[in-house]
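This one's a predicted model, so the numbers in the text were calculated from it and none came from an experiment.
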Amino acid sequence: MSTATTPTLASLTVGQDIGSRSIDVARTDLVKYAGASGDFNPIHWNEAFATGVGLPGVIAHGMFTMGAAVQLVTDWAGDPAAVVDFQTRFTKPVPVADTTGTPEPGAVIEVSGAIGALDAGAGTARVDLTVVSGGQKVLVKAQAVVRLA
């Protein structure tokens with residue numbers, strides 16, 4: 001971790017942008033996540049099952065989406081352990097099209113973050129995330145609390 005790029009509480013202001021990123025998602029990412037998490041629900045890999053239960057198709061795991069979003073914060077903070085709390089509400093699923101054999105992602109998750117609050121007494125900053133896929137917010141009230149020097 002480089003101290004030159006690690007944010008400090010004193011250097012931050014409410015509303016300050018911490019950056020953004022686009023996360024390409026393919027169905028193979030969902031299979032890998034299922035193996036790592038143990039969540040093999042067929043809505044995350046079987047098109048017929050997913051549409052059969054009323055979904056628009058295969059969808060990303062909610063926790064996959066949440067984890068992909070908070071990565072922006074951990075990278076910005078320079079230390080994953082600096083994130084002491086992360087909360088969100090899931091509002092829309094992230095449909096992941098079958099693009100096997102093409103270079104195209106099945107979905108793209110767009111994440112941006114800004115400082116929402118500072119607490120000098122606790123030594124923390126709250127980062128508010130905007131998380132969008134397919135033009136729709138997929139997470140709301142996505143907030144990470146980061147302990148900083």
Item to check | Derivation and outcome, side-chain contact (heavy atoms from CB on, under 4.5 Å), residues Asp79 and Thr74 | outcome: CA-CA 6 Å; Asp79 178 8; Thr74 61; over 6 Å; no
For the student: nearest non-hydrogen atoms of [X] and [Y], plus distance:
X: Ala77; Y: Val146; value: CB-CG1, 3.9 Å
X: Ile115; Y: Ala125; value: CD1-CB, 4.5 Å
X: Ala142; Y: Leu139; value: CB-CB, 4.4 Å
X: Pro56; Y: Pro95; value: CG-CG, 3.9 Å

Do [X] and [Y] come within less than 4.5 Å of each other through their side chains, counting heavy atoms only?
X: Asp39; Y: Phe64; value: no
X: Ile59; Y: Val94; value: no
X: Leu55; Y: Phe49; value: no
X: Val132; Y: Val138; value: no

Is [Y] reachable from [X] through a run of hydrophobic residues whose side-chain heavy atoms are each under 4.5 Å from the next?
X: Leu12; Y: Val83; result: yes
X: Tyr33; Y: Val111; result: yes
X: Met63; Y: Phe86; result: yes
X: Phe90; Y: Val140; result: no
X: Val145; Y: Trp76; result: no

If you round to the nearest 0.5 Å, how far is [atom2] of [Y] from [atom1] of [X]?
X: Arg89; Y: Lys141; atom1: CZ; atom2: NZ; result: 5.0 Å
X: Ile18; Y: Leu72; atom1: CD1; atom2: CG; result: 4.0 Å
X: Lys137; Y: Lys92; atom1: NZ; atom2: NZ; result: 12.5 Å
X: Leu129; Y: Ser20; atom1: CG; atom2: OG; result: 11.0 Å
X: Leu9; Y: Leu148; atom1: CG; atom2: CG; result: 6.0 Å
X: Ser37; Y: Leu30; atom1: OG; atom2: CG; result: 10.0 Å

Next on the checklist: Looking at Arg126, I'd like to know if its CZ atom is crowded, meaning that more than 12 non-hydrogen atoms belonging to other residues, nucleotides or ligands lie closer than 6.0 Å.
Outcome noted: yes
Checklist outcome for this item: For Asp98, the side chain to side chain donor-acceptor pair (under 3.5 Å) test, sequence neighbours excluded, returns Thr100
Item to check | Thr99 (side chain) donor-acceptor with Glu104 (main chain) under 3.5 angstrom | outcome: yes
Item to check | Any donor-acceptor pair under 3.5 Å from Gln136 side chain to Ser133 backbone | outcome: no
Checklist outcome for this item: Residues passing the side chain to side chain contact (heavy atoms under 4.5 Å, CB included) test with Val108, sequence neighbours excluded, are Ser22, Asp24, Pro105, Glu110
Checklist entry - Which pairs, with at least one residue in residues 43-69 and sequence neighbours excluded, count as a side-chain hydrogen bond (donor to acceptor under 3.5 Å, both in side chains)? => result Arg27-Glu47
Checklist entry - Got a salt bridge between Asp75 and Arg21, using NZ or NE/NH1/NH2 to carboxylate O under 4.0 Å? => result yes
